[in-house]
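One structure is given below, encoded as structure tokens.
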Amino acid sequence: MFATSGIHVRPRRDSDLSTLLPILQRTHETQRYPMRAAAVRADWLAAPNELAAWVAEYENAVVGHVALHPTASPEQDPGADDASAQWQRATGVAADRLAVVSRLVTDGSVPGSGTTLLAHAVNAARDEGQAPVLLVDPSSAALGFYRRRGWHRIGTAAQQWGEYRVDAVLMVAPVR
């Protein structure tokens, strides 16, 4: 368990999804994340291929979520080869050692909960010998969030998110 300023991070449980779905819905409505309304579902938040997932708790209430995912295969995402190749060049590790930070959402009620979740995911990936990477919509406020935390832009890759085509910004975690 990871704790900062009363924020505790623990593994996500299935029972957390009923609390997380309204948070995800509000995030979609206010920040366009996820971009598609159809993605506001438990099986998107708790994807079957995830490597690990955690929630942030504050005063025994779930206030946020983050997950680590493997890089997508070209069958799942036509831009996956390009994104994976760029991440591999930037990190020097093979695709199977990349951990994509994903599904980072908070309810906005506890300052620092997003930063705490991000740090936890990065540390967990590194503890497993994986390089933390991510992709973000270039028009999203999340881009600034990651930059302020030291993440580096290494390129872009075309992504098809439902009906939306996005040249997603590819980022790598800061060096320790």
Side-chain angles (χ1 to χ4, degrees), residues 2 4-10 12 16-59 61-69 71-72 76-77 79-80 83 87 99-125 132-174:
F2 184 87
T4 301
S5 303
I7 302 167
H8 300 279
V9 177
R10 63 162 173 81
R12 187 198 64 232
D16 295 323
L17 293 173
S18 62
T19 301
L20 290 166
L21 282 172
I23 294 170
L24 185 62
Q25 179 65 44
R26 280 191 303 278
T27 303
H28 167 73
E29 291 167 0
T30 61
Q31 299 172 29
R32 268 184 16 125
Y33 182 77
M35 189 174 281
R36 298 174 306 120
V40 180
R41 312 182 311 265
D43 66 331
W44 182 85
L45 193 61
N49 69 332
E50 71 189 14
L51 301 171
W54 301 272
V55 297
E57 289 183 321
Y58 183 77
E59 296 182 352
V62 171
V63 298
H65 176 271
V66 69
L68 292 175
H69 289 191
T71 57
Q76 297 167 314
D77 174 6
W87 283 325
V100 183
V101 175
S102 188
R103 298 353 186 223
L104 176 56
V105 295
T106 70
D107 69 2
S109 68
V110 182
S113 58
T115 299
T116 300
L117 282 164
L118 179 61
H120 185 83
V122 166
N123 290 334
V133 298
L134 60 83
L135 66 157
V136 63
D137 177 352
S139 65
S140 167
L143 184 58
F145 171 83
Y146 294 119
R147 281 185 175 151
R148 288 187 301 277
R149 282 144 189 87
W151 285 70
H152 305 284
R153 177 187 174 135
I154 55 115
T156 62
Q159 301 288 304
Q160 192 68 42
W161 296 335
E163 65 274 19
Y164 300 101
R165 185 189 174 284
V166 176
D167 288 325
V169 174
L170 304 176
M171 302 185 91
V172 296

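These numbers come from the heavy atoms of this one structure, side chains and all, not from hydrogens, waters or symmetry mates.
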> Are V9 and V55 close enough, and set up right, to give a side chain to side chain contact (heavy atoms under 4.5 Å, CB included), and what steps lead you there?
Replying inline: CA-CA 6 Å; V9 177; V55 297; over 6 Å; no
> How far apart are the C-alpha atoms of Y33 and L104, what are their side-chain angles, what is the distance that settles it, and do they pass the side chain to side chain contact (heavy atoms under 4.5 Å, CB included) test?
Replying inline: CA-CA 9 Å; Y33 182 77; L104 176 56; 5.9 Å; no
> Does the pair V136 and F145 meet the rule for a side chain to side chain contact (heavy atoms under 4.5 Å, CB included), with working shown?
Replying inline: CA-CA 11 Å; V136 63; F145 171 83; over 6 Å; no
>> Assess the residue pair I7 and H120 against the criterion (side chain to side chain contact (heavy atoms under 4.5 Å, CB included)); give the C-alpha distance rounded to whole Å, side-chain angles, the decisive distance to 0.1 Å, and a yes or no.
In response: CA-CA 11 Å; I7 302 167; H120 185 83; over 6 Å; no
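Residues L20 and R103 fail the side-chain proximity criterion, which asks for heavy atoms closer than 4.5 Å. Side-chain contact between W54 and T116: absent, with no pair of heavy atoms (C-beta onward) separated by less than 4.5 Å. Side-chain atoms of M35 and V166, non-hydrogen and from C-beta on, do get closer than 4.5 Å to each other. Annotation: side chain of S102 is not in contact with side chain of L134 (no heavy-atom distance under 4.5 Å). Counting only heavy atoms from C-beta outward, the side chains of V100 and L135 approach each other to under 4.5 Å. In this structure the side chain of E50 reaches within 4.5 angstrom of the side chain of R12, judged on heavy atoms. Counting heavy atoms from C-beta on, the side chains of W161 and P34 never come closer than 4.5 Å. Looking only at side-chain heavy atoms (C-beta outward), I23 and R26 come within less than 4.5 Å of each other.
With rounding to the nearest 0.5 angstrom, the CD atom of E29 is 10.0 Å from the CG atom of L24. Atom CG in L21 sits 13.0 Å away from atom NE2 in H28 (nearest 0.5 Å). Once rounded to the nearest 0.5 Å, the distance linking CZ of R32 with OH of Y164 reads 6.0 Å. Note that CH2 of W151 is 12.5 Å distant from CG of L143, once rounded to the nearest 0.5 Å.
Listed by chain and number, the residues in a side-chain contact (heavy atoms from CB on, under 4.5 Å) with R153 are R147, T156, V169 (sequence neighbours excluded). Listed by chain and number, the residues in a side-chain hydrogen bond (donor to acceptor under 3.5 Å, both in side chains) with D107 are S109 (sequence neighbours excluded). Applying the salt bridge (Lys or Arg N to Asp or Glu O under 4.0 Å) rule to R36 yields no partners; only residues at least two apart in sequence or on another chain are considered.
Residues H65 and A53 share a closest heavy-atom pair of NE2-CB, 3.8 Å. Contact between G162 and Q160 at its shortest, heavy atoms only, is O-NE2, 3.0 Å. In terms of heavy atoms, A121 sits closest to L68 at O-CD1, 3.7 Å.
For Q25 (side chain) and T27 (main-chain N/O), no donor-acceptor pair under 3.5 Å exists by modelled atom type.
When the options T19, L17, T106 are evaluated for a side chain to side chain contact (heavy atoms under 4.5 Å, CB included) with V62, the one that passes is T19.
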